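Heads up: the structure comes next, in structure tokens.
It should be emphasised that the depicted structure is a prediction, and the values quoted were computed from it without experimental measurement. Reminder, nothing fancy here: chain letters follow the sequence lines and each chain counts from 1.
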Amino acid sequence: MLSFRGGIHPPGMKDLVNGRAIESMPLVPLYRVLLQQHIGAPARPVVKAGDVVRKGQVLSEPQGFVSASVHAPTSGKVRGVEECIHPVTGLASPCVVIEADGEDTWVEGLPSELDPFSMEGSELVSMVRSSGIVGMGGATFPTHVKLSPPKDKPIDAFIINGVECEPYLAADHRLMLEEPLRVISGARVVMRILGLSDAVMAIEANKPDAVDVMRREVPGSIRVEVLGVKYPQGAEKQLIKAVLGREVPSGGLPMDVGALVHNAGTCAAIWDACSSGIPLIERVTSVTGSGIREPKNIRVRIGTPLRDVIEFCGGVEEDAVKVIFGGPMMGIAQYSMDVSVTKGTSGVLVLGSRDVDRSSYTSCISCGRCVDACPMGLLPNVLSKLGERSMWEEALSFNLMDCIECGSCAYVCPARRPIVHFIKHMKALSREASAKKRQAV
Amino acid sequence: MSEGILVSSSPHIRSPEDIGWIMRQVIYALIPGAAVGVYFFGVPAFNVVWVSVVSCIVVEALIQRLMGRPITIRDGSAAVTGLLLAMNLPPGAPWWLVVIGALVAIGLGKQVYGGLGNNPFNPALTARVFLLISFPVEMTTWLVPRPLLVHSADAVTGATPLGAIKTAVFMHGSLASVGHVSIMDLFMGNVGGSLGEVSALALIVGGAYLIYRRIISWHIPVFYIGTVFVMTGIFWLINPGVYANPVFHVFSGGLMLGAFFMATDLVTSPVTVMGKVIFAIGCGVITVVIRLWGGYPEGVSFSILIMNAFVPLINRGTRPVVFGAAR
């Protein structure tokens with residue numbers, strides 16, 4: 001079966017939710033919609049306290065090309081543009097707070113009936129752009145940017161990413177199972193935009209039911225490819241290597257090898273935008289883990305407070321100790337229950353005490369397990385020792401910036417070294433230094 | 001929700017295979033080899049084993065207490081060093097020799113560098129070579145193997161097979177005077193030698209377990225033993241009157257113990273596959289050079305320690321190819 005070098009086999013733990021149908025979460029009284037839900041320049045708010053907004057209404061305008069707007073998840077009144085905790089950075093970040101009126105009325109003109117297959121590619125890209133779509137696998141890179149490759153980097157291969165290699169999570173799995181046509185149609189829109197005659201849908205072998213459904217539903221132009229189960233197969237570069245055999249150059253982008261990858265959830269959002277004008281205001285996410293009473297897959301509005309999500313899923317168990325946005329390998333531990341769901345929230349994982357390793361770390365024993373596990377061919381053992389001493393300049397010569405932070409190294413480390421933490425720390429130091437250098441010039 | 005909410009960097013799950021687990025597997029894997037030693041050399045060998053293990057654990061705890069460091073004897077690494085040291089000593093070694101060995105292994109071999117993970121040389125081998133140079137008589141007095149259930153009043157001593165051929169070649173310039181050595185005895189362990197090195201079979205079983213558990217990779221044992229086989233084979237073909245045959249070389253002395261358990265020491269061997277191969281071939285070449293032309297009959301310990309010194313260099317020279325690097 002197709003695969004890539006390195007990688008690990010953590011327990012899947014997907015049984016908690018992969019058999020549960022998606023439930024739509026009912027309206028909650030208050031939504032906090034962060035303005036920065038994407039990689040790139042922050043969006044500028046276009047509403048103010050006291051404004052009445054309708055579901056789907058634009059709340060912010062993107063600033064520059066690599067940016068994305070956000071939309072009202074329901075109808076109601078804007079309480080204000082306030083500072084909220086950002087679930088990714090952990091910092092205070094501006095967000096539009098909306099008090100729902102419970103009517104859930106659409107903004108005028110939505111949903112509309114469009115035929116994307118009679119529209120021009122550029123029209124479709126601007127639909128995607130105005131709908132605020134970003135990569136929903138977690139990276140949140142604005143989708144319209146990926147759909148607008150420069151002339152000298154033609155795309156000849158499109159992969160629909162249905163791998164979902166993070167343990168525990170099953171949101172993409174359920175989406176492919178229950179709403180395959182949204183995913184497939186979105187993919188066809190992407191193919192139309194890029195003028196491609198075929199595409200590959202990549203699914204790991206641990207989702208045989210999704211493979212069956214997709215094989216039944218896809219048109220002849222899309223090939224369903226079953227991949228061996230290995231983490232981090234869903235990582236863009238590893239997926240391109242596994243499916244196409246192409247290696248994205250160090251420091252480069254998939255378009256450098258003519259490849260484009262979109263997550264299954266992103267494809268579904270593209271379909272909604274291009275077929276009915278509906279912006280990205282909700283997503284499917286898995287709420288799971290031993291610390292949550294009723295694990296579920298939910299269709300949740302962007303901006304829903306974590307507290308409400310947890311309550312909808314029966315609350316937390318007595319021994320719950322960790323709440324994570326995303327999966328257990330790359331997700332981000334939350335320190336407050338006041339954060340809200342964003343476009344990139346692929347899962348809400350609540351871990352119980354027994355699942356969390358609290359032992360302290362020791363010296364590296366040079367066992368080399370991390371070197372074998374690293375899908376990027378790095379030396380995590382060396383990087384962790386440099387990171388312990390904040391030696392980021394030396395780390396650059398060990399390809400610090402090529403690290404995708406997948407966590408495979410730290411997962412296998414018998415000395416329990418927080419390798420990813422050290423690497424993130426050094427990356428931050430390095431970015432800080434180059435920012436200072438730019439200022440000085 | 002419990003009182004404290006835990007916040008830490010990803011990943012949030014860890015493999016259950018921590019250092020303690022690894023060390024336990026190594027101990028399980030060493031048991032067959034040690035058991036055969038006790039079977040053939042009796043009570044003295046048993047005493048060497050427990051004195052060595054207990055001394056290493058006590059020495060580690062004492063040093064860490066004196067240095068105000070956390071005491072890490074629960075990770076099992078001191079017990080592994082103790083067991084390996086015992087297996088590298090003559091089965092009739094006096095208790096004080098074992099205790100000195102433990103002091104050197106844990107003190108000079110490991111703790112002076114900052115403890116587990118920071119030592120450049122294998123601690124047990126450091127101690128063995130220290131003792132060999134300092135106490136040559138005690139370290140080369142070999143008990144003759146005698147199955148446990150066969151009683152005898154006195155321990156009888158004799159030569160190891162490698163010692164016998166070295167002496168023969170030195171005294172008479174040929175192997176003609178050496179009596180027949182049964183490969184089956186070498187395989188089962190019915191020969192003189194260090195406590196835990198005598199049975200190739202028991203060591204291969206233990207080594208296979210470590211490979212199966214993915215504690216070690218097959219590269220070091222296969223390339224180390226393979227190099228010894230090929231190199232001694234070439235010289236045997238050239239002059240079988242002076243050079244013993246490669247099968248004898250592979251199954252005698254400390255090669256199996258060294259190749260499966262000492263050269264594969266995680267801390268003191270290279271991290272990449274290519275590095276391991278280079279390291280193992282180096283160990284093999286040096287072992288053969290010492291066995292065939294050196295002053296000592298056996299070269300496994302020296303070869304591994306010498307190659308340990310090259311590990312940082314090997315690691316530097318065998319960096320993996322970075323994903324997407326220009327080729």
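The contact list for residues 81-88 of chain B toward chain A, using heavy atoms and a distance under 4.5 Å, is empty. Using a 4.5 Å cut-off between non-hydrogen atoms, no part of residues 217-227 of chain B approaches chain A.
The NE2 atom of B:H12 lies 14.0 Å from the OH atom of A:Y411; values are rounded to the nearest 0.5 Å. Atom-to-atom distance recorded for B:F323:CZ and A:N399:CG is 13.0 Å, nearest 0.5 angstrom. Note that CG of B:N118 is 11.0 Å distant from CD1 of A:I365, once rounded to the nearest 0.5 Å. In this structure, A:C413 SG and B:I19 CD1 are separated by 7.0 Å, a value rounded to the nearest 0.5 Å. Note that OG of B:S10 and CD1 of A:I419 are 11.5 Å apart. Values are rounded to the nearest 0.5 Å. Distance check: A:Q334 CD to B:I5 CD1 gives 8.0 Å after rounding to the nearest 0.5 Å.
Contact annotation for A:K424: only side-chain heavy atoms (C-beta onward) come within less than 4.5 Å of a heavy atom of chain B. With a 4.5 angstrom heavy-atom cutoff, B:I215 touches chain A via backbone and side-chain atoms both.
Put simply, the side chain of B:P320 reaches to within 4.5 Å of the side chain of A:R5, judged on heavy atoms. A 4.5 Å side-chain heavy-atom check between A:S359 and B:D18 finds every atom pair outside the cut-off. By the 4.5 Å heavy-atom criterion applied to side chains, B:P11 and A:M329 are counted as neighbours.
Heavy atoms only, all atoms of each residue included: B:E17 and A:R369 are closest at OE1-NH1, 2.8 Å.
Contact count against chain A (heavy-atom pairs under 4.5 Å) is highest for B:I13 among B:I13, B:V267, B:N315.
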